[in-house]
Protein chains: 2
Amino acid sequence: MGQAVTIQDVAKLAGVSPATVSRVINGNGVVARHLADRVRAAVDTLDYRPNAVARSLRRKSAAVWQLIISDIENPFFTSMVRGVEDVAHAAGCSVVLCNADEDLGKERRYIEVALAERMSGVILSPASEEESEVEPLLRRGIPVVTVDRTLAERPATVHSVVTDNHRGAQLATAELLGAGYKSVACITGPLRVTTAQGRLAGYRSALASAGVRPRPELVRVADYKETGGRDAMLSLLELADPPEAVFVANNRMTIGALAAARQRSVSIPGDLGLVGFDDMTWSALTCCPLTTIAQPTYDVGASAARLLLEGPPGPSRPAKTVVLQPTLVVRGSSRR
Amino acid sequence: MGQAVTIQDVAKLAGVSPATVSRVINGNGVVARHLADRVRAAVDTLDYRPNAVARSLRRKSAAVWQLIISDIENPFFTSMVRGVEDVAHAAGCSVVLCNADEDLGKERRYIEVALAERMSGVILSPASEEESEVEPLLRRGIPVVTVDRTLAERPATVHSVVTDNHRGAQLATAELLGAGYKSVACITGPLRVTTAQGRLAGYRSALASAGVRPRPELVRVADYKETGGRDAMLSLLELADPPEAVFVANNRMTIGALAAARQRSVSIPGDLGLVGFDDMTWSALTCCPLTTIAQPTYDVGASAARLLLEGPPGPSRPAKTVVLQPTLVVRGSSRR
DNA sequence: CTGAAAGCGCTAACAG
DNA sequence: CTGTTAGCGCTTTCAG
């Protein structure tokens, strides 16, 4: 239960004041060469580690960023993490990751943690465009950047990074239409989330561009998880006039949709064309290799981190929205 | 940039001392009903949130656990997270997740963070049996539990939770042998990690039990990532006398191995039998549905969290190792 | 260039 | 039952 060694102990051993030790450690002020050397020696022999808690209390802010992701079981979010970490570490900040699990309650709880721990920045992929609450952070001067998704109320107060969901969905839908599938369904996510809205809108706009009459019964709003994708697909397949193809708006739902198709012995791409959103390491390995919309996940994270470093928007600096472009990866599932 | 409201402000508004406010908030000591009500009212009107940093400094420990996982892009680890979170939250602790990325340097860095932030516990899946350094934590009285993997040096000082890797690998290998594949290869992970050792040993022991002569050239040590799995598989396929089947010791390498087989037009299970370690949501969707060894991921996390709650081992309480059993999930890839 | 002193916001003795 | 007091370990004026 070793007592932690404090700055006092170091000061005593080096024969200087705590203030001098602090200056040496933080590179503030100017300290005579020989004293600085003595301090460093003392730090080494005592194996001193500054107490980050005391430092944060004094400085009124911790060198820690909080990254609140919507779903830790979704590889899109986890592969974004690396982008955030690399930029944060280069800037001397630690990143702590929290999993809100698409649950507004958990998200709120983690925002409380950020507040309580005086974190110096928060990167959030909000569980809801309308209901996610970032004001308390902003009021305390903690900068917020949203990733992947945006917030309805705060266009002027938070930066954000998104991919062009509308365009991604258009690419996906147009690919299926171009391959000769006459009717295309869409399984999107919860509409409280901006990505689900954008992907649905892009789907509709692609139908319109192609002069295809939209059939509302071909749209399903699911939960961005496997079971939701499966149920949505099963219900589409039960239609009297089932769709010839389907655009599935995220990776986890694509898994469910594929499972449903297999369960009903619907073969892809023969009986049904399919394009999924998010490319995965295993996308080429499914029974019929998957055509997908790939997002630049690392860049999404890295851009968000850079925006956080820029500091919050203000009167002179308007809030930025960085929009990254997705790409269509054509494999077998969209071409019969 | 709202000034944070402090316990002093609340005390003033409620007409009591800060100590009384503290007692009400923490439920310590006894406070007269009417005073407590006034305090709670003041807390509400001021929207007061205790400063967790100051509290940690005073209490010399934060109500935060750190979970250091080896690889955030590996679904095994991410699905373990939920188990940890649920137990932690029930115990009033927050969990921060850190990604060591199988890198001893990053792992060390995050251990420094735990030390600096005076976290109240650490759950770690060590990047190396020998080189991962937890002593500094133990010296400061911070309890450590290892998950998924164990440490060589500290059997008596840290609890751990693992799955029975030896048995899992035996099940996998025996399944392939039982299906009639004469020669079975093994692609395992970095041998500095105990899971990789255990799975290799289990593979060997299954060969021995079946009276199959081991062929050392059929063993590959890779990196637990897709590229390593792919390269290992390619090199196995190039052998003059290639194996009839392969046991791949983790999920990410299985993806690489499947990609390699496809690239070389090796068909599964006809040309090659395959069993992977870790079951995934998409395991049934690959070209040939995958036979896998499934681990109880949620329980691994939850058990680790419960061990952390129990407190560190001591003279009276020996270190525990909880061993959970994996199960064989038979699908197409192991039966020709 | 260096040290003394004050205080970040909270909790835990200790009095009353 | 409640208030006063004294720090937790650090950084940062302010003197010297």
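Quick note on labels: first sequence line is chain A, next is B, and so on, each numbered from 1. It should be emphasised that the depicted structure is a prediction, and the values quoted were computed from it without experimental measurement.
Proximity of B:Thr20 to the phosphate of D:dG3: a side-chain N or O atom is located under 4.0 Å from OP1 or OP2.
The distance from the CD atom of A:Glu85 to the OG atom of A:Ser94 is 10.0 Å, given to the nearest 0.5 Å. Interatomic distance, B:Cys98 SG to A:Leu97 CG, rounded to the nearest 0.5 Å: 8.0 Å.
Without hydrogens or angle criteria, B:Arg149 side chain to B:Pro126 main chain gives a donor-acceptor distance under 3.5 Å.
Taking the charged nitrogens against the carboxylate oxygens, A:Glu133 and A:Arg108 have no contact shorter than 4.0 Å, which rules out a salt bridge. The pair B:Glu102-B:Lys225 does not meet the salt-bridge criterion, since no charged nitrogen lies less than 4.0 angstrom from a carboxylate oxygen. Using a cut-off of 4.0 Å between Lys/Arg side-chain N and Asp/Glu carboxylate O, B:Asp9 and B:Lys12 are scored as not salt-bridged.
Taking each heavy atom of B:Ala319 and B:Val158 in turn, the nearest pair found is CB-O, 3.5 Å.
A side-chain N or O of B:Tyr224 and one of B:Thr195 form a donor-acceptor pair less than 3.5 Å apart.
For the helix from C:dC1-D:dG16 to C:dG16-D:dC1, the terminal axes (five pairs an end, C1' atoms, rotation from four pairs onto the next four) enclose an angle of 40°, given to 10 degrees.
Each of C:dT2, C:dG3, D:dT2 was ranked by its minimum atom distance to the side chain of A:Val16; first place goes to C:dG3.
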B/S/- contact track for nucleotides 7-16 of chain C, protein heavy atom under 4.0 Å: BBBBBBB---
